[in-house]
Structures are given as structure tokens and as C-alpha cells.
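These notes are about the structure you will find just below.
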Amino acid sequence: MFGEVYGAWMIEELKEHGYSISPGAIYPVFKSLESNGLLISRDEQIGKTKRRYYKITIKGKKELKDAKIKLKELIGEILD
């Protein structure tokens, strides 16, 4: 469930769900999440293509779990 992702893939995935996110918006988010210890990254060069892959940390998994709980509560309040 928590594999590695890279920015261009995430942008395309979000587009498939109706969201239009630019590289100028997504990469600062990744950088902020990494600065806060929620993601780690690594660079990989394949031919001329260089990619930075991101992976969730243990701290990130905990924060995600907490955020899901809060989101469920909010959705419940909105739908009641």
C-alpha cells in the first residue's frame, strides 16, 4: 500500500481523479512533508531521466492514520 511515488506520477494520478496540480504546487508539498519527517526521498538516474522517489516514513504513517480518523469524523458531521 505504501510504495514509492514520484511527482509526475502523482500529478497524473490526481488528474485521473479530477484534480489539476502543477509541478510548482506538488514539489513544495513533498519538500515540506520530507522536512517534517513524513516522507523520505531518493534520486534515481535512468538514462537521461532523473527522478526523485518519495516514500512514507513510520511517522508519516502515524500522521496519515490520525488524519484519516479526523477526516472520517468531519465527513460524519457534514453528512448528519
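Fair warning: this is a prediction, and the values are worked out from it, not measured in the lab.
The number of heavy atoms from other shown groups lying within 6.0 Å of CD1 (I69) is above 12.
We find that E12 and K15 are joined by a salt bridge, their nearest charged nitrogen and carboxylate oxygen being less than 4.0 Å apart. Salt-bridge formation is not detected for the pair D66/K70: no Lys NZ or Arg NE/NH1/NH2 atom is positioned less than 4.0 Å from an Asp or Glu carboxylate oxygen.
Of all heavy-atom pairs between T57 and I40, the closest is CG2-CG2, 3.5 Å. When all heavy atoms of Y6 and R52 are compared, the closest pair comes out as CB-O, 3.4 Å. The minimum heavy-atom distance between Y27 and G7, with the atom names listed, is OH-CA, 3.2 Å. Considering all non-hydrogen atoms of both residues, K59 and N36 come closest at NZ-O, 2.9 Å. Taking all atoms of both residues into account, the shortest heavy-atom contact from I26 to L14 is CD1-CD1, 4.0 Å.
The distance from atom OH of Y19 to atom CD of E13, rounded to the nearest 0.5 Å, is 12.0 Å. Rounding to the nearest 0.5 angstrom, the gap separating the CG atom in L79 from the CG atom in L74 is 9.0 Å. Taking CZ from F30 and CE from M10, the interatomic distance works out to 4.5 Å, rounded to the nearest 0.5 Å. Rounded to the nearest 0.5 angstrom, K55 NZ and E34 CD are separated by 14.0 Å.
Inter-residue side-chain proximity for W9 and R51 is flagged as unmet; no heavy-atom pair is nearer than 4.5 Å.
Side-chain N or O atoms of E73 include none that pairs as donor or acceptor with a backbone N or O of I75 at under 3.5 Å. Side-chain N or O atoms of S32 include none that pairs as donor or acceptor with a backbone N or O of P28 at under 3.5 Å.
Residue V29 is grouped with residue V5 when hydrophobic side chains (ILVMFWY) are merged at heavy-atom distances under 4.5 angstrom, including chains of intermediate members.
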